[in-house]
Amino acid sequence: RLQLLAVNRSPPAPSCLQQIISTMETQVSNGPTSNSGLPNGPPLSANGAADDSKTNLIVNYLPQNMTQEEFKSLFGSIGEIESCKLVRDKITGQSLGYGFVNYVDPNDADKAINTLNGLKLQMKTIKVSYARPSSASIRDANLYVSGLPKSMSQKEMEQLFSQYGRIITSRILVDQVTGVSRGVGFIRFDKRIEAEEAIKGLNGQKPLGASEPITVKFANNPSQKTGQALLSHLYQTTARRYTGPLHHQTQRFRLDNLLNMAYGVKRFSPITIDSMTSLAGVNLTGASSGGWCIFVYNLSPEADESVLWQLFGPFGAVTNVKVIRDFATNKCKGFGFVTMTNYEEAAMAIASLNGYRLGDRILQVSFKTSKQHKA
DNA sequence: TATTATT
């Protein structure tokens, strides 16, 4: 039976993968501009609205594995925190490596900059600075520059670009062994408009003394992952949990699965289907008239239906999702259900997503059994 | 020829 299913399998809809990727893309929009602060001082507020310009900090270059709790603990050691947030990818839950801390007392914000900026955490040096007022005008202002003369320093690159606006960060990538410039770098401007002007003025131009023109364009947004990057992430966070020769077949299956998602190619063999089936603990209780019901456990209280669509959609036809909520608080009680039409797609989703890390939680995903409601 | 800076 499994062999038959493997042969007749319909590939997961590519549009679903596109959907999950596009959801991760940063929305670009034009919005009102606001004042920016002095380069070394707190930003100025644009209007009479709540002014947190002297209390709200942005923290960059955080270690990938730092949790919200560790983040709060570190900055809470300075003074009372009004609010703080470690920013994560909405879908994968992975830390984006930066966060915000809003202190009650401006003096504590100042103290945090003085004591924590430059702190070394696990090969990283964190940066603590005042957050600029949030505005659409400061988004997508990061430029990717290539073709730079190998001799050009970061300071020289900044000098070249500074005529177009205030530079927030700059970086020249270097060979990890020799330390020599790779001729590519990044420039982040305060405003997107400034970045646009820099492209107009510098793209295709030769820096004074250079023999080759440089290329200046908007940098790829880190959340605009390619299908490959996303799938590679999925693969790493699922298959890697299984070690040892006995699970080799399982890992092979997962890799095939992810390659299928990426390229829409059928690469299944009956043996891999069999090995996966035993892994997923398949029994027939997951089946019902409307398809295959999947139990998803360890969702966060904030989880909603969209996250289930995003997680399971790439694996194939999803007909229904449901987050179970507490009647009083309307918060998710930690689990939900997903119904998928095709057995094999459901089994693939389970094999790939069981053990998947969503935020700081490890999901448990299985076919629904008759007595799982008490979980 | 690609790091992770705006909730």
Side-chain angles (χ1 to χ4, degrees), chain A residues 24-29 31-37 39 42-43 45-46 50 52-53 55-66 68 71-72 75 81-90 92-102 113 117 121-150 154 157 165-176 181-192 194-195 203 212-226 228-229 232-233 302 359:
Chain A
M24 299 175 70
E25 291 177 353
T26 305
Q27 297 299 312
V28 179
S29 62
T33 57
S34 62
N35 297 336
S36 62
S45 64
D52 58 4
S53 65
T55 58
N56 195 27
L57 304 179
I58 185 166
V59 185
N60 293 293
Y61 309 106
L62 291 167
Q64 174 68 39
N65 59 8
M66 183 177 238
Q68 164 82 239
F71 182 60
K72 182 173 185 177
F75 285 87
I81 290 174
E82 194 275 327
S83 63
C84 75
K85 182 174 197 175
L86 177 67
V87 180
R88 298 180 146 121
D89 184 285
K90 284 185 174 60
T92 67
Q94 299 288 298
S95 166
L96 292 183
Y98 66 93
F100 296 89
V101 181
N102 194 14
I113 291 175
N117 183 43
L121 293 174
Q122 301 170 1
M123 316 313 282
K124 292 229 177 186
T125 304
I126 71 170
K127 179 178 177 184
V128 185
S129 55
Y130 289 105
R132 293 169 287 163
S134 185
S135 158
S137 65
I138 68 173
R139 291 172 55 175
D140 302 298
N142 195 22
L143 296 180
Y144 175 71
V145 187
S146 57
L148 292 166
K150 299 283 195 287
Q154 179 182 349
M157 182 175 70
R166 175 184 164 201
I167 294 171
I168 301 298
T169 56
S170 71
R171 179 189 218 97
I172 287 181
L173 302 186
V174 298
D175 184 287
Q176 288 196 338
S181 166
R182 296 169 61 190
V184 303
F186 293 88
I187 294 272
R188 180 180 298 278
F189 279 101
D190 181 43
K191 294 287 193 293
R192 179 177 174 93
E194 297 168 341
N203 183 39
E212 298 299 322
I214 61 174
T215 299
V216 184
K217 55 189 184 184
F218 282 110
N220 293 334
N221 200 301
S223 53
Q224 288 174 330
K225 286 185 181 169
T226 65
Q228 283 236 16
S232 147
H233 166 76
E302 285 71 37

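Nucleotide dT7(B) holds its C1' atom 11 Å from the CD atom of Gln68(A), rounded to whole Å. Rounding to whole angstrom units, CZ of residue Phe189(A) and P of dT6(B) are separated by 15 Å. Between Met66(A) atom CE and dT4(B) atom P the separation is 16 Å, expressed in whole Å. Between the CG atom of Asn203(A) and the P atom of dT1(B) there is a distance of 17 Å, rounded to whole Å. Asp175(A) has its CG atom 12 Å from the P atom of dA2(B), to the nearest Å. Between the CD atom of Gln64(A) and the P atom of dT4(B) there is a distance of 11 Å, given to the nearest Å. With rounding to whole Å, Met157(A) atom CE is found 15 Å from dA2(B) atom P. At whole-Å resolution of the value, CD in Gln176(A) and P in dA2(B) are 12 Å apart.
Considering only side-chain N and O atoms, Arg188(A) lies nowhere under 4.0 angstrom from the phosphate OP1 or OP2 of dT4(B). Residue Arg171(A) places at least one side-chain N or O closer than 4.0 Å to OP1 or OP2 of dT4(B). The phosphate of dA2(B) (OP1 or OP2) has a side-chain N or O of Arg182(A) nearer than 4.0 angstrom.
With hydrogens and angles ignored, the 3.5 Å screen pairs no side-chain donor or acceptor of Arg132(A) with any backbone N or O of Ile138(A).
Side-chain proximity of Val87(A) to the nucleotides dA2(B), dT7(B), dT6(B) is greatest for dT7(B). Taking every side-chain heavy atom of Arg139(A) into account, dT6(B) is the closest of dA2(B), dT4(B), dT6(B). The side chain of Tyr61(A) lies closest to dT4(B) when the candidates are dA2(B), dT4(B), dT3(B). Nearest nucleotide to the Lys217(A) side chain, out of dT7(B), dT4(B), dA2(B): dA2(B).
In this structure, the side-chain contact (heavy atoms from CB on, under 4.5 Å) partners of Asn102(A), at least two apart in sequence or on a different chain, are Asp52(A), Thr55(A), Asn56(A), Glu82(A), Ser83(A). With sequence neighbours excluded, the residues that form a side-chain contact (heavy atoms from CB on, under 4.5 Å) with Thr125(A) are Lys120(A).
Stacking here means ring centres nearer than 5.5 Å and ring planes tilted less than 30 degrees, and by that measure Phe186(A) stacks onto dT3(B).
Residue contacts for Tyr98(A): at a heavy-atom cut-off of 4.0 Å it reaches the sugar-phosphate backbone alone, with no base atom in range. Ser129(A) comes within 4.0 angstrom of a base, heavy atoms only.
Side-chain contact between Phe218(A) and Tyr144(A): absent, with no pair of heavy atoms (C-beta onward) separated by less than 4.5 Å.
In terms of position on DNA chain B, the residue among Ser146(A) and Thr169(A) whose nearest nucleotide sits closer to the 5' end is Ser146(A).
Atom-to-atom distance recorded for Ile172(A):CD1 and Ser181(A):OG is 5.0 Å, nearest 0.5 angstrom.
Below the 3.5 angstrom threshold, one finds no donor paired with an acceptor across the side chain of Asn220(A) and the base of dT4(B).
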